[in-house]
Every structure is written in C-alpha cells, then in structure tokens.
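Count residues from 1 along the sequence. Just so we're clear, the structure is a prediction, and the values are computed from it rather than from any experiment.
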Amino acid sequence: MRIVSVEPIDKKKSRVLTDGGPAFVLCNRELQTYGIETGAELSEEAYWELLQDVFFQRARERLIRLLEASDKTEAELRRKLSDGGCPPEAVEEAIAYGKRRRYIDDRRYAENYIQFHSGVKSRRQLAAELGAKGIDRELLAECLEEAELDEGAQIERLLKKRGYDRETADRKEQQRTMAFLSRRGFSYEAILDIMHKKD
C-alpha cells in the first residue's frame, strides 16, 4: 500500500492515510523507525510487522483503559478503538483478547444495566438505550424477557415522585402526567391502568 499523507495530530503523533484502507495513528518516532512518509510504499510484511510490534499491544492497552473507566459493550469498544486510530486488524485482535479474558460480555453488560435501571426505566426505554449501545436484538430480547420488570410499580413510584393525586388531578394534569409517562416508554394501557386504579 502507498502512504497518501502523514498529518500531524500534535507534537508526538501523526495520522497516516494510505490508499489501501483506513487511517491509523503512529508516534513520530515510529514513523522514523518504519520509514513512513508521504509517497512511500508500505509492504504487507512491513504493515504486518507494525501490527504485531505496535498496534496489537496498543489496542489491548487502550481496551483495558477504556474498561477500567467503565464497563462497555463490544460495539462501543470497537468504535472507540477505531476512533482512536487503531487499524481494523488491531481492533479485532483486541476484542478477541478481551473476550478470551472475559473482559467483554454483552450479556453480562445488558443484565447489569437492566438490573440497575429497572426501578426507574420502562422496558421500551431500556431496549432503546441498550440497542443504541450496540446490544444485539436477540440477546436484548432474551435479557428483557428474563428480567423481572414491574412497570406498574415503576409508574406508581413516578406518580408519587411527581406528587400526582388521583382524586384531585384535573383533566389537564392527567394529560400532562400521561404524556410524561409516555415519553418514558410506558404503554398507554399500563399508564391508564395505574393512573385510574382505585386505592
């Protein structure tokens, strides 16, 4: 592959663009060590050497730092490693490393997330948030099915927190409260059932 450009990011690092794939980031001393400059050819052997000597270790270290800060899904880690300038091969190797060591487990992540937020978030809201984090739909459906979510109790808690009184609420207050609960992902049936429940 040919080096199309070497763009400085800061005093120590540069982004290398090639005609054979996505960009990657190297320290300036690594540019010199591997003879990487605009217009130069980077052979497959030299690229493989770069992957083994530099990128695989760097991607693993970044993966661990990311997970030390907070648990993340596989999709989030892939995105962060790619955005950090790791080539695709290094991203795949780091993800495989994380899975072998059980650092990455989307099922565990989803179950913990649901358990932690199940007191205040609806099933629909949990599904949307976990879906946005890259949890597979089938896995997500299984985790939500296994979770014990009591949306009626959640609605009751939210009504109490809002100071909603079934006896004194006028039509306008009822509509505002229904809209509030609906925005949180609760179904109209569940909302009506709890809002009009007799004490």
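- Listed by first and then second residue, the salt bridge (charged side-chain N to carboxylate O under 4.0 Å, His left out) pairs involving residues 22-48 are E30-R58 (not counting sequence neighbours).
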* Determine, step by step, whether V54 and Y34 satisfy the side-chain contact (heavy atoms from CB on, under 4.5 Å) criterion, reporting the C-alpha distance in whole Å, the side-chain angles of both residues, the deciding distance to 0.1 Å, and the verdict. => CA-CA 11 Å; V54 177; Y34 292 92; 4.0 Å; yes
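- The list of salt bridge (charged side-chain N to carboxylate O under 4.0 Å, His left out) pairs with a residue in residues 104-125, not counting sequence neighbours, reads D71-R108, R107-E111, R107-E142, R107-E146, K121-E129.
- Residues G152 and I194 share a closest heavy-atom pair of CA-CD1, 3.8 Å.
- Interatomic distance, OG1 of T73 versus CG of L77, reported as 6.5 Å (0.5 Å rounding).
- The shortest distance between side-chain heavy atoms of L144 and L130 does not fall below 4.5 Å.
- Residues Y109 and I64 do not share a hydrophobic cluster, clusters being chains of Ile/Leu/Val/Met/Phe/Trp/Tyr side chains in contact below 4.5 Å.
- Qualifying side-chain hydrogen bond (donor to acceptor under 3.5 Å, both in side chains) partners for D10, counting only residues two or more places apart in sequence or in other chains: none.
- Within the structure, side-chain hydrogen bond (donor to acceptor under 3.5 Å, both in side chains) pairs that include any residue of residues 11-20 comprise S14-N28 (at least two apart or interchain).
- Here the closest non-hydrogen pair linking L81 and A94 is CD1-CB, 4.0 Å.
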Expected list for residues 175-184: side-chain donor-acceptor pairs under 3.5 angstrom, two or more places apart:
unit_1 : atom_1 : unit_2 : atom_2 : d
R176   : NH2    : E173   : OE1    : 2.7
T177   : OG1    : E173   : O      : 2.8
T177   : OG1    : E173   : OE2    : 3.2

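- Partners of Q125 according to the side-chain hydrogen bond (donor to acceptor under 3.5 Å, both in side chains) rule, which considers only residues two or more places apart in sequence or in another chain, do not exist here.
- Interatomic distance, E7 CD to T38 OG1, rounded to the nearest 0.5 Å: 8.5 Å.
- Smallest separation of non-hydrogen atoms from A90 and L51: N-CD2, 4.3 Å.
- In terms of the side-chain hydrogen bond (donor to acceptor under 3.5 Å, both in side chains) criterion, N112 has no residue partners (sequence neighbours excluded).
- The environment of CZ in R171 is sparse: at most 12 heavy-atom neighbours from other residues, nucleotides or ligands sit within 6.0 Å.
- L158 places none of its side-chain heavy atoms less than 4.5 Å from the side chain of R162.
- For the atom pair CD of E76 and CD1 of I104, the computed distance is 11.0 Å after rounding to the nearest 0.5 Å.
- A distance of 10.0 Å separates CD of E68 from CG of L63, quoted to the nearest 0.5 Å.
- The same ILVMFWY cluster, assembled from side-chain heavy atoms under 4.5 Å apart, contains both M1 and V16.
- When all heavy atoms of V25 and G84 are compared, the pair lying nearest together is CG2-O, 4.1 Å.
- Among pairs with a residue in residues 113-167, those fulfilling ring pair (Phe, Tyr, Trp, His ring centres under 6.0 Å) read Y113-H117, at least two apart in sequence or across chains.
- Aromatic ring orientation, F24 versus F55: perpendicular (interplanar angle above 60°, classes split at 30° and 60°).
- Applying the salt bridge (charged side-chain N to carboxylate O under 4.0 Å, His left out) criterion to E151, with sequence neighbours excluded, gives no partner residue.
- Applying the salt bridge (charged side-chain N to carboxylate O under 4.0 Å, His left out) test to residues at least two apart or on different chains, the pairs with a partner in residues 77-99 are R60-E93, E74-R78, E74-K99, R78-E92.
- I191 and L149 fall into different hydrophobic clusters, where Ile, Leu, Val, Met, Phe, Trp and Tyr side chains are chained together by heavy-atom contacts under 4.5 Å.
- Residues passing the ring-ring contact (aromatic ring centres under 6.0 Å, His included) test with F186, sequence neighbours excluded: none.
- Residue P8 comes nearest to V6 through the heavy atom pair CD-O, 3.7 Å, listed as atom of the first residue, atom of the second, then distance.
- Minimum interatomic distance between V91 and S82 (heavy atoms only, all atoms of both residues): CG2-OG, 3.8 Å.
- Under a hydrophobic clustering in which Ile, Leu, Val, Met, Phe, Trp and Tyr are joined whenever their side-chain heavy atoms come within less than 4.5 Å, directly or via other members, L31 and L50 fall into the same cluster.
- Hydrophobic clustering (side-chain heavy atoms under 4.5 Å, transitive across Ile, Leu, Val, Met, Phe, Trp, Tyr) groups W48 together with I3.
- For Q32, there are no side-chain hydrogen bond (donor to acceptor under 3.5 Å, both in side chains) partners, not counting sequence neighbours.
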